[in-house]
Participant: 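Below is one structure. I have some questions about it.
Residue numbers run from 1 in the order of the sequence given.
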Amino acid sequence: MAITQPNPLTATGQQTQRRWLIDTAEWRFYGIVMLGLMIVIWAPIVFAFVTAPPDRQFMGVVDGIADHNQYFAWMRSFTQADLAANRLTPEANEPAFFNLLWWVTARFSVITGVSYITAYTILRLVAILSLLGSLLIFLQLMVDQPRQRQIAFWLICTSSGLGVIWVVVKYIANLPDAPFPISIYTVEPNTLMIMQAFPHFTMALALIIAIFSLMWLGWRKQQLRYAVAAGIVGALLALQHAYDLLIVYSALGLFGLLIWWRDRRFPSLLFRQGVILAVFSAPGALYLAYMVANEPTWGRKLEQFDNAGVFTPNPALLVILLGVPLLLALAGLRWRMFRSTDDRDILIASWFVVHFLLMYLPLKFQIHMLLGLQVPMVLLATRFIDEQLIPALRRRGRYALALGLAAVFGLSIVTSVYIQGWRFVYLSRYEQPHYLTNDEIAALQWLQEHTTSTDVVLADIEFGQFVPVWSDARAYIAHWAGTLDFFTKRENARIVLDPTTPASQRRRLLDEFSVSYVVMRDRDGARAELSQQGAAELEIVYENATVSVYRVRKEE
């Protein structure tokens, strides 16, 4: 059942044909779940667009505002050329090609004439459908029993761990914030969160699953053409989310080693498949690695990943982050799976174990190695639920069965329920940076019309992160990783906007990176006082009720 077939089959003796039959009831289940997911995913987004007050606009993003503005800045550059510079930092730098997903989205925006928010919304929908489709195919390949496929599909799409515990602690202890937010809001292993807020993660997970499906089909059917298809998918992944190939290569590599160990015979077909996969996918990853190593701006950007202070949670917090599915997966993992006569056992066990080997590597992006863990984890958990937990509960009576399963599934999704409810709370506050005021948008439109790629615009980061999205200018401070020497520039921006700063110090900071314009809002400080005290360096060129744009006077 599930991962273990009723009739043991080795790789060399497996059937080359398999019936792909899903009955009407199972399709109905998937349809209902997907409809429910779409409602949950889109409800807060529609709410934010529809209920935005007349004096402000929703920016279309429910999470990860800074990162999305980075992507939108790339999109703007890609609408004009195939190469894009890093405009989230004031240092001049050479344009490069570095992300296929946002290039395609930008090209779509140009062809159709839609806004970047509309293009992003369509990308989100396409990514969701791609992920759900690839997941259904993978489950059909890996799981024989309909009930287990349905449980796995539900949990992969909705499970979220036990992080809500820290929210309860916050209110009980009257703390200003929930402790250990990393074990609540880490998005990579939370499929519902990435489908709702992070289409690049959603698409990356869809591609990862597709590669495993194709490589499995090639191994099962003993045909290399599937490896070629997997290689093409891998090439797409390499130019979008290259480090996810570490997961793919490592899991498939361990799978091959375990097959070799079990059969006492080198799996030459698997080796050839791996070579084909690498030939297609590795060049894109190597290109990006070369660019990071040899282009100072992009290399320093990667070095600043630790500015966010986000790393893989320690094992105790990891249990909180992944919750009940992890505990059930560990209970369901058996040593015999690594030498099983059913190769699917070996594949799922390999994929599951590899994440724990990668997620604690001393890499600044180590937390991204959690992406995809939910798939093998839930498959193992599902096997334990169906083959061991349900029979044990059933022996205790129907009430025990109902209460036990309600506890398992309820605790698996409780944090998702909290996060979805919380989205409505913070979106109903109509605050920056999820929303911009009409005055802020007017100032951005002025910059759009009057700046070029040679200009540098300094503003508070809350406003500055939108500058490269709306204009061709470079931002002085915009992103925790994309802005080089981030913390220094953030402090410098504060100093420049402080009316009490001596003129000589302000001039020195403005001249260091040839700042062209300074933007100040009422919410940033005493705007009128800056206009007065900084008149020697700053000339007002645009002003509305709450925002002023200053041109930096050239030193005579």
Participant: Going by the angle between their ring planes, with limits at 30° and 60°, are Phe72 and His68 parallel, tilted or perpendicular?
Facilitator: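 Tilted.
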Participant: Drop me the distance from Asn190's CG to Thr186's OG1, to the nearest 0.5 angstrom.
Facilitator: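 One gets 9.5 Å once the value is rounded to the nearest 0.5 Å.
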Participant: Are Thr118 and Thr121 linked by a side-chain donor-acceptor pair shorter than 3.5 Å?
Facilitator: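 The criterion, which ignores hydrogens and geometry beyond distance, is not satisfied for Thr121 and Thr118.
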Participant: Any side-chain to backbone donor/acceptor pair from Gln388 onto Ile385? Under 3.5 Å, distance only.
Facilitator: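 Not a single qualifying donor-acceptor pair exists.
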Participant: I want to check a possible cation-pi pair here: Arg339 against Trp261, using under 6.0 Å from ring centre and within 45° of the ring axis as the test.
Facilitator: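 Yes, cation above the ring, under 6.0 Å and within 45°.
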Participant: Between Trp216 and Asp343, is there a side-chain donor-acceptor contact under 3.5 Å, judged purely by atom types and distance?
Facilitator: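 No, no side-chain donor-acceptor contact under 3.5 Å.
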Participant: A quick test of your reading: do over 12 heavy atoms of other residues, nucleotides or ligands sit less than 6.0 Å from CH2 of Trp154?
Facilitator: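 Atom CH2 in Trp154 is not crowded, with 12 or fewer foreign heavy atoms closer than 6.0 Å.
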Participant: Flag the pair Phe138 / Val143 as yes when at least one side-chain heavy-atom distance between them is below 4.5 Å, and no otherwise.
Facilitator: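 The answer is no; the side chains never approach within 4.5 Å.
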Participant: Any luck finding a side-chain donor-acceptor pair between Glu188 and Gln374 under 3.5 Å?
Facilitator: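 Result is no, nothing qualifies.
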Participant: For the rings on Phe58 and His434, is their centre-to-centre separation under 6.0 Å?
Facilitator: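 No.
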Participant: Parallel, tilted or perpendicular: which describes the rings of Trp103 and Phe97, with under 30° parallel and over 60° perpendicular?
Facilitator: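 Because their plane-to-plane angle is over 60°, the rings of Trp103 and Phe97 count as perpendicular.
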Participant: Students often mix this up, so state it plainly: with edges at 30° and 60°, are the rings of His368 and Phe365 parallel, tilted or perpendicular?
Facilitator: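 Because their plane-to-plane angle is under 30°, the rings of His368 and Phe365 count as parallel.
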Participant: Any chance you could measure Ser109, atom OG, to Tyr120, atom OH, to the nearest 0.5 Å?
Facilitator: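 Separation between the atoms: 14.5 Å.
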Participant: Do Tyr360 side-chain atoms and Pro313 backbone N/O form a donor-acceptor pair below 3.5 Å?
Facilitator: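 Yes; at least one donor-acceptor contact below 3.5 Å.
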Participant: Between His241 and Asn99, does any side-chain donor sit less than 3.5 Å from a side-chain acceptor?
Facilitator: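 No - no donor-acceptor pair under 3.5 Å links their side chains.
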Participant: Is it true that the side chains of Arg423 and Gln196 contain a donor and an acceptor less than 3.5 Å apart?
Facilitator: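 Yes - a donor-acceptor pair under 3.5 Å links their side chains.
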Participant: May I ask you to say whether Arg383 pairs ionically with Asp345, meaning some side-chain N is under 4.0 Å from a carboxylate O?
Facilitator: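 Looking at Asp345 together with Arg383, the answer is yes, because their closest N to O distance falls below 4.0 Å.
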Participant: Look up atom CG in Leu358 and atom CG in Leu371, then write down how far apart they are to the nearest 0.5 Å.
Facilitator: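 Interatomic distance, Leu358 CG to Leu371 CG, rounded to 0.5 Å: 12.0 Å.
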Participant: Tyr418 vs Trp422 aromatic rings, parallel, tilted or perpendicular, using cut-offs 30° and 60°?
Facilitator: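 Tyr418 vs Trp422 ring planes: parallel.
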Participant: Atom CZ of residue position Phe424 - does it have more than 12 heavy atoms of other residues, nucleotides or ligands inside 6.0 Å?
Facilitator: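 Enclosed.
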Participant: Centres of the Phe98 and Trp74 rings: under 6.0 Å?
Facilitator: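 They qualify: ring centres under 6.0 Å apart.
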Participant: Does Arg396, at its CZ atom, have more than 12 non-hydrogen atoms belonging to other residues, nucleotides or ligands within less than 6.0 Å?
Facilitator: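 Open.
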Participant: Show the numbers, then the answer: is there a ring pair (Phe, Tyr, Trp, His ring centres under 6.0 Å) between Trp351 and Phe356?
Facilitator: CA-CA 9 Å; Trp351 188 358; Phe356 292 91; over 10 Å; no
Participant: Using the benzene-type ring in the case of Trp, are the ring centres of Trp102 and Phe78 under 6.0 Å apart?
Facilitator: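 No; Phe78 has its ring centre 6.0 Å or more from that of Trp102.
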Participant: How far does OH of Tyr116 sit from CG of Leu123, to the nearest 0.5 angstrom?
Facilitator: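 The OH atom of Tyr116 sits 14.5 Å away from the CG atom of Leu123.
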Participant: Look up atom CG in Leu132 and atom CD1 in Ile156, then write down how far apart they are to the nearest 0.5 Å.
Facilitator: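 Going from CG on Leu132 over to CD1 on Ile156, the span is 10.5 Å.
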Participant: Donor-acceptor pair, distance only, cut-off 3.5 Å: does the side chain of His355 make one with the backbone of Met369?
Facilitator: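 Checking the backbone N and O of Met369 against the side chain of His355, a donor-acceptor pair under 3.5 Å is found.
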Participant: Applying side chain to side chain donor-acceptor pair (under 3.5 Å), run through Tyr71 and Thr105 and close with a yes or a no.
Facilitator: CA-CA 10 Å; Tyr71 310 141; Thr105 308; over 6 Å; no
Participant: Side chains of Arg225 and Gln223: donor-acceptor distance under 3.5 Å anywhere?
Facilitator: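 The answer is yes; a qualifying pair exists.
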Participant: Should Ser412 and Ser159 be marked as a side chain to side chain donor-acceptor pair (under 3.5 Å) after you check the CA-CA gap, both sets of side-chain angles, and the distance that decides it?
Facilitator: CA-CA 5 Å; Ser412 295; Ser159 62; over 6 Å; no
Participant: Let me confirm one number: the CG-CZ distance from Leu327 to Phe384, rounded to the nearest 0.5 Å.
Facilitator: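 The CG atom of Leu327 sits 10.0 Å away from the CZ atom of Phe384.
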Participant: Consider salt bridge (Lys or Arg N to Asp or Glu O under 4.0 Å). Of Arg394, Arg147, Arg149, which one does Asp386 pass it with?
Facilitator: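 Between Asp386 and the candidates, salt bridge (Lys or Arg N to Asp or Glu O under 4.0 Å) is satisfied uniquely by Arg147.
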